[in-house]
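Taking it in order: structure first as structure tokens, then the write-up.
The structure displayed is predicted, hence computed values, not measured ones.
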Amino acid sequence: MLLNSILLMAPQPGQNPIMSFLPIILIIVVFYFFMIRPQMKKQKDQNKFREELKKGDKIVTIAGIHGKIAEVQDKTFIMEVEGGVRMKIEKSAVSMESSAALNKAE
């Protein structure tokens with residue numbers, strides 16, 4: 001009901017028309033600082049983490065597969081899992097380092 005009344009609010013005679021849009025502008029600013037900006041920062045940190053991975057790092061994929069990076073390519077990794085099995089995965093499929101996963105479990 002409040003949002004509806006804000007959107008339908010017409011400027012009063014002699015009132016600055018910008019003042020009628022002020023509540024909408026404030027909602028957009030709050031939405032940006034509490035929703036969009038933190039998500040962009042998180043995505044930037046995740047991309048930086050993926051780019052800094054190197055051969056020998058222990059990782060966990062989004063699917064929960066634990067392994068060690070055997071080879072780094074442009075957009076993919078060759079990951080070695082238990083038993084010497086090698087898998088080719090996309091860099092975007094890496095969730096976190098294995099040590100970080102162990103810390104979260106404790």
Counting only heavy atoms from other residues, nucleotides and ligands, does the tally under 6.0 Å from CD of Gln73 exceed 12? yes
Within 6.0 angstrom of Lys91 NZ, more than 12 heavy atoms from elsewhere: yes
For the pair Gln46 (side chain) and Ser95 (backbone), establish whether a donor and an acceptor sit closer than 3.5 Å, ignoring hydrogens and angles. yes
Using links of under 4.5 Å between side-chain heavy atoms of ILVMFWY residues, direct or through other members, which residues join Val81 in one cluster? Phe49, Leu53, Ile59, Ile65, Ile69, Val72, Phe77, Met79, Val85, Met87, Ile89, Val94
Quick one: do Lys42 and Asp45 make a salt bridge, cutoff under 4.0 Å? no
Side-chain heavy atoms of Glu80 within contact of Glu71, under 4.5 Å: no
So how far is it from Tyr32 OH to Met40 CE, rounded to the nearest 0.5 Å? 5.0 Å
Looking at Lys44, is its backbone amide N or carbonyl O close enough to the side chain of Asn47 to form a donor-acceptor pair, meaning the two atoms are under 3.5 Å apart? no
Mark yes or no for whether Arg50, through its side chain, and Ser92, through its backbone, hold a donor-acceptor pair below 3.5 Å. yes
Which heavy atom in Ala70 sits nearest to a heavy atom in Arg86, and how many Å separate them? CB-NH2, 3.1 Å
So how far is it from Lys88 NZ to Lys75 NZ, rounded to the nearest 0.5 Å? 12.5 Å
